[in-house]
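Side chains included, hydrogens not; waters and symmetry mates left out as well; all remaining heavy atoms used. No experiment lies behind these values; they were computed from the predicted model shown.
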There are 2 protein chains.
Amino acid sequence: MKSKNPKPMKSILSVIVLFFLSLGLNADNGHQLWLRSKSNIPVQVVSKRSSAILTIARQELQHAWQGEANQTVVLGLTREKQIKGDGFRLSAEGVHANTERGILYGVYELLRRQQTGQAIRDELVNPSWENRLLNHWDNLDGTVERGYAGHSIFWRAGNDSLTVTPEDLKLWEAYARANASIGINGSVLNNVNASPKVLSAAYLNRVKAIADVLRPYGIKTYLSINFASPMVIGRLSTADPLNAEVVDWWKNKTKEIYTLIPDFGGFLVKANSEGQPGPQDFGRNHVDGANLLADALNPYGGLVMWRAFVYNPSDEDRAKQAYNEFMPFDGQFRDNVIIQVKNGPIDFQPREPFSPLFGAMKQTPVMAELQVTQEYLGHSIHLVFLAPMWEEFLHSDTWQEGEGSTVARATDGSLFKQKHTAIAGVANIGLDDNWCGHDFAQANWYAYGRQAWDSSLSSEQIADEWLKLTFSRSLFVEGDQKVVLPMEWDLNFLKPVKQMMLNSHEAAVDYMMPLGLHHIFAAHHHYGPGPWWAPKGMRKDWTPPYYHQADSEGIGFDRTASGSGAVSQYHEPLQSQLSSPETCPEALLLWFHHVSWDYKMKNGRTLWNELCYRYDQGVQQVRQFQKVWDQAERYVDRDRFGRVQQRLRDQSLNAMEWKDACLLYFQQYSQRPIPYDLERPVNNLDDLIEKDQRTIRAYE
Amino acid sequence: MKSKNPKPMKSILSVIVLFFLSLGLNADNGHQLWLRSKSNIPVQVVSKRSSAILTIARQELQHAWQGEANQTVVLGLTREKQIKGDGFRLSAEGVHANTERGILYGVYELLRRQQTGQAIRDELVNPSWENRLLNHWDNLDGTVERGYAGHSIFWRAGNDSLTVTPEDLKLWEAYARANASIGINGSVLNNVNASPKVLSAAYLNRVKAIADVLRPYGIKTYLSINFASPMVIGRLSTADPLNAEVVDWWKNKTKEIYTLIPDFGGFLVKANSEGQPGPQDFGRNHVDGANLLADALNPYGGLVMWRAFVYNPSDEDRAKQAYNEFMPFDGQFRDNVIIQVKNGPIDFQPREPFSPLFGAMKQTPVMAELQVTQEYLGHSIHLVFLAPMWEEFLHSDTWQEGEGSTVARATDGSLFKQKHTAIAGVANIGLDDNWCGHDFAQANWYAYGRQAWDSSLSSEQIADEWLKLTFSRSLFVEGDQKVVLPMEWDLNFLKPVKQMMLNSHEAAVDYMMPLGLHHIFAAHHHYGPGPWWAPKGMRKDWTPPYYHQADSEGIGFDRTASGSGAVSQYHEPLQSQLSSPETCPEALLLWFHHVSWDYKMKNGRTLWNELCYRYDQGVQQVRQFQKVWDQAERYVDRDRFGRVQQRLRDQSLNAMEWKDACLLYFQQYSQRPIPYDLERPVNNLDDLIEKDQRTIRAYE
């Protein structure tokens, strides 16, 4: 393959024109995701071997090739030490890799570079983590926990719920292709709050059907299991992990699975957490439970991903509990166990510090669980591009092995010898035509895959790629679609829309919970504000006042030595930095400190005033996004334009509710005016509380 | 009486301090209206006669005297030709008038000037109109049509609905006192959509009880009558005005009334309008009907106020119908009949041109009906000071007798010899503690009375008076009320809040229906926007599309010669001015013209863009009002501050809905973008329409 860069304009234009001819004009349901490119420029694909994976690689090249006509591209298996796992080498010849999967990823990378105008040069490309998973919180009845894009693509309710239809197969393949194109190589098909039924023979047959579709795209299938399965499915009297019958049951069940799915990935386990059964119910501990499953899986190379999302209604700061519970077990787990830890110590908040469990255990591998679905970030209504949040997280320095011990390096095997490395993202995928509910939520699926592949990628680069792949360089005038020059498109669409994406997470933090505030959401649905919610008798670690701690003196959760002491779970010098309000990043100030309303911020404002400005800034930002999007109207088909426009309006209104709710609620404590140069609240606190109660009731 | 002006500061302050001691701190239900002043400075009131009215005049002076201690104030009856009707002469001695009522008004004027720091000099003060009425649209079951301040103060449902309680008497007296203090001398106690029952003996007894309370405050009592009363109450087979039995029935009924209420004011009649019965039901006309009643009332000096608010579902422009129907009758009415005409030709819209019936009839007197209750101006939620709207109306030039033939002069007897002159305002009063629902809606009651007394008063002067009378010059700091210097108060409270009031009507026009748009309200409740509302089969003059006439070319109702020709009902040169879009005031452009979306406005913008800017400007103005009010917090007791603050928030949200609804709806026709420097809509059109349908259903 000859690398030519930049491509001659004429060639690009002709490709684009061809591409448009294949598209319905001015209407787009978003189903094509970032896989829109299609061309009929011929290409010669050379491969000595043939297999399902290589066939797909070849088809993809032929489907979307944008290089010179009739160029030769070699797809070759090799044995190169520098290539790790799914990695590959791009060269003038084509793609070489140690595995077929590596070749497929190389092909997608090659096509992506063609489509986004990136240089294609001789290059070795290795993934950051060995296992890059999507976790689907899909229930067997077809609902999706924290899903905002329709029902499950894997499960459904009804009499024929287990029948595999042609539509199922088509959808699963489209899903697999999208994942493969961004390097995702594992899917956990069911909710971590798992029904034991998934391990029954009937359901395993459907799992096998799904696995068969995912396999040629290099994707392993995993299941979330219910720790009490031996009792519920196996009719045993116990699920005690040290009980011989239980051990046997898991061995047999695992064998049954591998008979159906030889490359089955393993189990994801939520145990002794939020009411789920676990080894503690039988007087055992996490090690006993995880090792039980690890031993069953070990003969087949399967993995256990054991979640550390545990906390009890004790007096101990919830942010400390996972660390306290897991640290004593460091080194006691089998080497096919990975502890799966949410990015922050509480629960997928708009901004959290990284969980101290990253960079804590040295002998037991830890993996990050990110949440692609926007449970706490506006569901599928708000436009919030999550890559910057994950970038911030992955590049956070744990100081575990001195400076530079980032979360990424502490989990990807760079710092510690780990047999396995992994990363997981809770999927935002459902049956909606556009998969994710919000057309821009597709960018979070995309970004998760890209960052899981390469943790050094910048959010800017990911947004740039996604926009170029997802929106066509065209102009829509009264139903007619016209090609525009890339420069015009870059200036009028790409640049402002990309900037909107890059600003969107910080905007959401500002209008929801700036300066380290967290978990002041409306109960249950976690969409709107609910800083006031604290029904009598409710366990306090489920109520916002537990987290914001507002009183007449000030606001924030004291996690220093004078408070819960959670800072002690971080390494020095980070611990000292976080311990003092002067050195603690202001973005996390109220996470770690209870400070007075008159506390002076670095910009000279009081804390109260700064809080007001931040909330207002969040609202103003969303309004700015609306302007950006409306100005992009000419460059977007009517359907997608309209969908996003409508959601931005909802987001704008909701941002105002957030601002008003939080400022008016906290003002009851601060007793200080909202600075008069700021736009005033337009919602009354009582009305917001009443509305909140209505939405909560509707949810209950 | 010695006039001293300006008053020494010390004296003012001591009065203010005394005044505060009599007030509950930091809480105010608004019931005191503008009658808050109280002092214990002694005053010597000298009056040769004694009567109920003069006793009240004396008490008011003693209650609130703020002049020199022990000054002598003479209240004297005189016979001075220059004093007209209820007029009076202020002099160094005191107050002189031809009637006791005149003396009472003089006393209120004197006290008002003391309280507001206005000069008191020798001066003759005459009222603009002889009869200054409030029309109460109160139903006998206690509900109030278009009332937004609770139920009726006169009527209630239930078994004891006709029992006069001590609370009734107290409330009616407070009502009478408030009216007297601003010169209102007549009250129509029941809705123009009148129940015949009000003329039954039982109800007339209650009317008498009310009249007895109003009388010492100089207020005459009137009733709205149902034209079919002889049939319903009198069991006659007809209500034909030329039928002898009917004539007798009305004569007897009138006699019965005057036996109970010797100073009864007369009848207000809505006939053959919106389903009400009238002479046309019996093949007769308005003259027949009005003269029937006039003849019955004539022996007692009573008046008939016959409403011209008539229109039919014909093809004729609704704006033309009242003129067409009444002009042929000019001169045929008895001289105790006055034709009562709403200010605009449609129906109390945020802005209308004056009705062409003003300055049309030369031999039959016409009176204006203003709407104090904010049916089309945000109910008791929006802060809209109506004085500027009425000022604009009263000073509109009809050109009836050449330049300067303002509506005021065409109705107050200056242009035509009229036996009687009058003006009416539809009251905004109910059982709410603060009478009007919105604390600032009290200013509209106040302003109506003041303008009815003196049509030359500026809105600015009225707002100034009202604010000084209604809000105390004090500072509220953490529950403590402190006196502030008038200069500080003037600068920080009076000036900005007055400006807010003065801007508030234009703001409402901007966010509801700028540039002459009208009647695009939600059906029935007339609160929110409903430009889309046009159910199948609905008579079209009840639907907004009839009024806005938006299409792909442009928007507006063509009332020029090429359209409905309504302009022909106006005198020259006004007719020509209105006929051309170039000379028609832009504030009325779409009232008189259907103009293209690209029509160039005087500021160079296209009509569409100007529409966008106006709507946006309305929203921005309300936000500005919120800032003004929030900054006034220190100067207002907590209760009133909070009530107004909450309503301003509601108004702000509602203004955004108006803007979004109208721009998104009209954009469907204009197909032009909202200028990108403007804040984008935050509501989706579909959601607004659905919400509208919900509120309409709730009303139905």
Side-chain angles (χ1 to χ4, degrees), chain A residues 381 477-479 492 496 500 552 612 616 619-634 638 641-657 659-661 663-664 667-668 671-688 691, chain B residues 381 477-479 492 496 500 552 612 616 619-634 638 641-657 659-661 663-664 667-668 671-688 691:
Chain A
I381 297 171
V477 183
E478 292 176 13
N492 296 340
M500 167 177 77
S552 62
C612 295
D616 188 74
V619 171
Q620 301 304 332
Q621 280 276 74
V622 182
R623 290 190 184 152
Q624 183 54 32
F625 300 162
Q626 290 189 275
K627 286 188 181 174
V628 167
W629 188 247
D630 279 3
Q631 286 180 278
E633 181 166 9
R634 290 152 47 87
R638 189 160 42 215
F641 175 79
R643 285 199 298 272
V644 173
Q645 184 188 47
Q646 294 213 350
R647 280 175 172 73
L648 279 169
R649 290 174 184 157
D650 293 340
Q651 182 175 0
S652 208
L653 263 189
N654 189 243
M656 291 165 74
E657 287 186 358
K659 171 192 160 190
D660 294 354
L663 291 186
L664 293 176
Q667 193 177 34
Q668 299 178 120
Q671 292 290 321
R672 283 155 177 79
I674 297 166
Y676 293 111
D677 54 332
L678 293 183
E679 206 175 294
R680 318 314 290 167
V682 292
N683 298 284
N684 289 307
L685 185 56
D686 289 349
D687 299 339
L688 288 165
K691 181 178 173 184
Chain B
I381 297 171
V477 183
E478 292 177 13
N492 295 341
M500 167 177 75
S552 63
C612 296
D616 188 75
V619 171
Q620 301 304 332
Q621 279 276 75
V622 182
R623 290 190 184 152
Q624 182 55 30
F625 300 162
Q626 290 188 277
K627 286 187 181 174
V628 167
W629 188 247
D630 279 4
Q631 285 179 280
E633 180 165 10
R634 289 152 50 87
R638 187 160 41 213
F641 175 78
R643 284 199 299 272
V644 172
Q645 184 187 47
Q646 294 213 349
R647 280 174 172 75
L648 279 170
R649 289 175 186 158
D650 293 340
Q651 182 175 358
S652 208
L653 262 189
N654 190 242
M656 291 164 74
E657 286 184 359
K659 171 192 158 189
D660 294 353
L663 292 185
L664 293 176
Q667 193 176 34
Q668 298 177 122
Q671 292 290 325
R672 283 153 177 79
I674 297 166
Y676 293 112
D677 54 333
L678 294 183
E679 207 174 293
R680 317 316 288 167
V682 292
N683 298 285
N684 289 306
L685 185 57
D686 290 347
D687 299 339
L688 289 164
K691 181 178 172 182

For atom NZ of A/Lys627, decide whether the heavy atoms of other residues, nucleotides or ligands shown that lie under 6.0 angstrom number more than 12.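 Enclosed: over 12 neighbouring heavy atoms sit under 6.0 Å from NZ of A/Lys627.
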I need the minimum non-hydrogen distance between [X] and [Y], along with the two atoms involved.
| X | Y | value |
| --- | --- | --- |
| A/Asn683 | B/Leu653 | OD1-CD1, 3.4 Å |
| B/Arg649 | A/Leu664 | NH2-CD2, 3.4 Å |
| B/Arg623 | A/Arg680 | O-CG, 4.4 Å |
| A/Glu633 | B/Tyr676 | OE1-OH, 4.4 Å |

Keeping the roles fixed (side chain from A/Gln626, backbone from B/Pro681), state whether a donor-acceptor pair exists under 3.5 Å.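 Confirmed, A/Gln626 side chain pairs with B/Pro681 backbone.
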Bottom line for B/Asn654: the part with an atom under 4.5 Å from chain A's heavy atoms is neither
Does any heavy atom of chain A fall under 4.5 Å from the side chain of B/Leu678, the backbone, both, or neither of them? backbone
dist A/Glu679:CD -> B/Glu679:CD (nearest 0.5 Å) comes out at 6.0 Å
At a heavy-atom separation under 4.5 Å, does A/Ile674 approach chain B through its side chain, its backbone, both, or neither?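 For A/Ile674, neither part sits under 4.5 Å from chain B.
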